[in-house]
**Student:** 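The following block contains the structure, expressed as structure tokens.
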Amino acid sequence: MDTKDVEIYLVFNALRNVPAPEQAELFLRKLQQCCTVFDFMDTLSDLKMKEYKRSTLNELVDYVTVSRGYLTEQAYPEVVKMVSYNIFRTLPPSDSNEFDPEEDEPTLEASWPHLQLVYEFFIRFLESQEFQPSIAKKYIDQKFVLQLLELFDSEDPRERDYLKTVLHRIYGKFLGLRAFIRKQINNIFLRFVYETEHFNGVAELLEILGSIINGFALPLKAEHKQFLVKVLIPLHTVRSLSLFHAQLAYCIVQFLEKDPALTEPVIRGLLKFWPKTCSQKEVMFLGELEEILDVIEPTQFVKIQEPLFKQISRCVSSPHFQVAERALYYWNNEYIMSLIEENSSVILPIMFASLYRISKEHWNPAIVALVYNVLKAFMEMNSTLFDELTATYKSDRQREKKKEKEREELWKKLEDLELKRGLRNDGIIPT
Amino acid sequence: FHPAAGPSEPKMAGADGDDSLYPIAVLIDELRNEDVQLRLNSIKKLSTIALALGVERTRTELLPFLTDTIYDEDEVLLALAEQLGNFTMLVGGPEYVHCLLPPLESLATVEETVVRDKAVESLRKISQEHSPVDLEVHFEPLVKRLASGDWFTSRTSACGLFSVCYPRVSSTVKAEIRQHFRTLCSDDTPMVRRAAASKLGEFAKVLELDYVKSDIIPLFTALASDEQDSVRLLAVEACVSIATLLPQEDLETLVMPTLRQAAEDKSWRVRYMVADKFSELQKAVGPEITKNDLVPAFQNLLKDCEAEVRAAAANKVKEFCENLPEDGRETIIMTHILPCVKELVSDTNQHVKSALASVIMGLSTILGKDNTIEHLLPLFLAQLKDECPEVRLNIISNLDCVNEVIGIRQLSQSLLPAIVELAEDAKWRVRLAIIEYMPLLAGQLGVEFFDEKLNSLCMAWLVDHVYAIREAATCNLMKLVEKFGAEWAQNTIVPKVLGMANDPNYLHRMTTLFCINALSEACGQEITTKHMLPVVLKMSNDQVANVRFNVAKCLQKIGPVLDNNALQTEVKPVLEKLAADQDMDVKYFAQEAISVLALA
């Protein structure tokens, strides 16, 4: 700001020192004043004005909290304008070249002393008893929401926390914006998964969605199911999953509690995206799967037990002991144990070979001990089948080896054929 | 495709597909294997399977199976999408190429971007193998279906297919294609608008000029003012292609308003894109507009409030100046660009300074000797003293440009302290970088200056505590010998290298061996046999096994430089002794050397 502006920037009386009838007008004047945005990167400039704005914002926060009858119709556009001027901005590039939220310290917003009060004021405004969504919807519209959602990419966790509350309030009070908000969150997630793998506010958005899903009416709309299968499940593929996995798993479980029939597509989706090279993620997947199994209905369990336990059997024999251990902990879960017991004739043959082999081969003694317990449990559940599998273990392995050999021979024949053809029709066969 | 073999090929492959040997069920079992890795392997060898089946059964049995099983893991689908792009001959040639469309169409709708992109790539490839009739009957309807798909993925894929069929279809179909493209440019989801914006330039190139003006320009303007900056910045890329297509007189009205707006966009990402594409834009709009519009725009980008944008613009300083119209180039640079450049030298952001340092030396060729000495030299010197090592490195790595114009001597006073400081930087990557420029510097500064000032540095690197530095230092010596010759090597570096053979630290003793590996060829037979070989042979008695097996490796390496007499009388006995060493690795490498040098 140059000096001319400073002169315009009149120092007004405090609101509480003015007679009630004049307060509404003064409130508007103060809102307009607060539209001026200061440069906080320059720590030395406009110090007095910055301090004046800060105290004015503080006063506005108190005013909307305690006053009655302040919210005239003229105030709405002024409030939204002041908030927009202050919070909507193109977020700066990250300080570190490749910002890694797991490693790097986030860059904190320099203008936070003002920004925080603006958010605080806006939330009090939205929560005020006098607030009327029917008037506000003229100003808090789709464009406003879109800009608000873009701010969730802020590196500053304090800002994202305020945004979360703001968006939650808007979603709660503006029924006409709900579908739009959900669609835009979809777009943010899809871009995050398939284009950039970068967005700082995924956890916060998921947290809001968790409570939104909770409120969905039954039967679920096709739109919501599509969101689950086409957006939430693919979110598991992102590299930085650990930053929002808890919130994501919560959303998934919310969906399944609403509609158990979704269990099969969800589990098949998780199996499709099962991490193959990242053990840390594998442990997270196993954790989420256990949360799902905790609420699964036995009829649903039967539908997915085969592919599910094929994967669990692979996890149990993982050379990474944390993966193996996490999978073996399923056998400590009473509900899961009861499901396994009911279906032991299907599950035991799937698991047996892996368990048998690990009990002899795994490098980690703790895993071997756990496997012994699991084998013992199976033996108690279904001793006839267990004995049968033990007896045929060797011949089964031999059969597998034979099949493997046949495969190799088939391919060898096929390749010979290709070679022969290649020689004959040189240049025709694409390589 | 070999035209002579074409007609007979389908029949032959059909005749050879032996049903009893390769029942489709067996092959399909392979493609269905429970183990993903095996499934993936089978898909990667899909052409072999198709060959075994023959063209007809590939068309009637294999392709329908593949079309139905598009629910696999993305990795398998990616391999499939790639395979199908090369399948034309395996289904019977161009006549039947449209059989490949159904599976590729499904693949073009999956969620995973890499799979979809690969499917689109294959579709683009096989579109060229369609006859014009097939293109209209089979291919274009597919594009239309994708363009009006429910889920954004298919619409995104469609964006990449318009340009390949447009040139080869009738004018009615062309009109439809243009309509579809228009619709996608204003799609509801930003993902599709981004895809459309990124293909805008490509599509413009195949359109008739009138339609570029009537269709593309409004789309370009709309995308360039999209509410999402991720869409707007893609329009900047399209701007280059579009500007190239239009006649000069239309640029001012059709393109420039949008470009000006982009250069001042409120989002730094868009401004960054403008800066990043600046040279292309400059060439596309031509010299007049450059002088009037781009020069001020470039100045603004160099002064942008966001460091990211300044760095991108700084990177383009040399290219921009180089491409200025020759008349008035010097004046424009001196009055408009150089003042901004001077400010950037003391920018607060090190990436900006470092970007500038990587190109600033290039200005000297453009401005000539006098201007360089008067105006640029002070800037070079300031950057050579910059606190950030990357800035100094970038200056040093581009010394050749200045050398041509004013000779390096002008700089050598300041150069030396800068080099020494980098050579001793605490970060080994910085040390590594400066080593890589040593041969270049040595060439430019001359052997005398080198011996006096830099030789000791090069030798010091040989005993650096980081292996990568010792390794690079070894390689550096080889390049220096190539430059200065064997005699120089014998007098200056060989004695020092050989001296390290008696170092108490075995790592340094090994460095001697590594140096000999690198130097023997450049030094030639005489020096190798007379001076190096005795040292190597003596080291075969070292008490550290690592040194001994490196002796074996070294002998293998320098063997070809030695004459047969030395090999037989000196090398062979030592290798035989090492081959009987108690250490397994020493034995192994000694035996390897014996067999490679044919001394057995």
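To find a chain, count down the sequence lines: A is the first, B the second, and so on, and within it residues start at 1.
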**Student:** Distance from E112(B) atom CD to T237(A) atom OG1, nearest 0.5 Å?
**Tutor:**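 Answer for the CD-OG1 pair, E112(B) versus T237(A), is 6.5 Å.
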**Student:** Against chain A, label N33(B) side chain, backbone, both or neither, depending on which of its atoms sit under 4.5 Å from a heavy atom there.
**Tutor:**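 When you check distances to chain A, only side chain atoms of N33(B) fall under 4.5 Å.
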**Student:** Does a sphere of radius 6.0 Å around OH in Y85(A) hold more than 12 heavy atoms from other residues, nucleotides or ligands, not counting ones at 6.0 Å or beyond?
**Tutor:**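 Check fails, neighbour count at 12 or below.
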**Student:** So which residue, T189(B), V114(B), L38(B), ends up with the most heavy-atom pairs under 4.5 Å with chain A?
**Tutor:**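 Heavy-atom pairs under 4.5 Å are most numerous for L38(B).
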**Student:** Of the listed residues (D188(B), D229(B), N349(B), T153(B)), which shares the most heavy-atom pairs with chain A below a 4.5 Å separation?
**Tutor:**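 Most pairs with chain A among the choices: D188(B).
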**Student:** To check you understand the geometry: which heavy-atom pair defines the closest contact between P190(B) and N187(A), and what is its length?
**Tutor:**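 Looking at all heavy atoms of both residues, the shortest contact is CD-ND2, 3.2 Å.
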**Student:** Q37(B): which residues meet the side chain to side chain contact (heavy atoms under 4.5 Å, CB included) condition with it, sequence neighbours left out?
**Tutor:**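 Scan of Q37(B) (side chain to side chain contact (heavy atoms under 4.5 Å, CB included), adjacent residues dropped) gives D35(B), L40(B), N41(B).
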**Student:** At a heavy-atom separation under 4.5 Å, does E34(B) approach chain A through its side chain, its backbone, both, or neither?
**Tutor:**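 The side chain, not the backbone.
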**Student:** Using a cut-off of 6.0 Å, state whether more than 12 heavy atoms not belonging to R178(A) lie near its atom CZ.
**Tutor:**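 Atom CZ in R178(A) is packed in, count exceeds 12.
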**Student:** Checking heavy atoms, do the side chain of L146(A), its backbone, both or neither come under 4.5 Å from chain B?
**Tutor:**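 Side chain of L146(A) only, per the 4.5 Å heavy-atom cut-off to chain B.
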**Student:** How many angstroms lie between atom CZ of F152(B) and atom CG of N186(A), to the nearest 0.5 angstrom?
**Tutor:**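 Interatomic distance, F152(B) CZ to N186(A) CG, rounded to 0.5 Å: 9.5 Å.
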**Student:** Looking only at atom types and distance, does a side-chain atom of T113(B) sit under 3.5 Å from a main-chain N or O of Y194(A), one as donor and one as acceptor?
**Tutor:**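 At least one qualifying donor-acceptor pair exists.
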**Student:** Measure P234(A) against the heavy atoms of chain B and call it side chain, backbone, both or neither at under 4.5 Å.
**Tutor:**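 Nothing of P234(A), per the 4.5 Å heavy-atom cut-off to chain B.
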**Student:** Heavy-atom distances under 4.5 Å only: say whether Y272(B) touches chain A with side chain, backbone, both or neither.
**Tutor:**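 Neither; nothing under 4.5 Å.
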**Student:** So for W274(A), is it side chain, backbone, both, or neither that comes closer than 4.5 Å to the heavy atoms of chain B?
**Tutor:**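 Contact with chain B: none, neither part.
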**Student:** Run the salt-bridge test on E73(B) and K276(A) with the 4.0 Å N-O cut-off and return the result as yes or no.
**Tutor:**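 Judged by the 4.0 Å cut-off on N to carboxylate O distance, E73(B) and K276(A) do form a salt bridge.
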**Student:** Does CD belonging to E61(B) count more than 12 external heavy atoms closer than 6.0 Å?
**Tutor:**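 Enclosed: over 12 neighbouring heavy atoms sit under 6.0 Å from CD of E61(B).
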**Student:** Looking at chain A, which one of K266(B), R194(B), Q228(B), R269(B) has the largest number of heavy-atom pairs inside 4.5 Å, strictly under?
**Tutor:**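 Of K266(B), R194(B), Q228(B), R269(B), R194(B) has the most heavy-atom pairs under 4.5 Å with chain A.
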**Student:** When only pairs under 4.5 Å are counted, which of K143(A), Q147(A), K183(A) shares the most heavy-atom pairs with chain B?
**Tutor:**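 The residue among K143(A), Q147(A), K183(A) with the greatest pair count is K183(A).
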**Student:** Checking K230(A) now: which residues fulfil salt bridge (Lys or Arg N to Asp or Glu O under 4.0 Å) with it, not counting sequence neighbours?
**Tutor:**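 K230(A) satisfies salt bridge (Lys or Arg N to Asp or Glu O under 4.0 Å) with E111(B) once adjacent residues are dropped.
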**Student:** Given side chains that start at C-beta, do those of E195(A) and S230(B) come closer than 4.5 Å, heavy atoms only?
**Tutor:**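 No, every pair of side-chain atoms sits at 4.5 Å or beyond.
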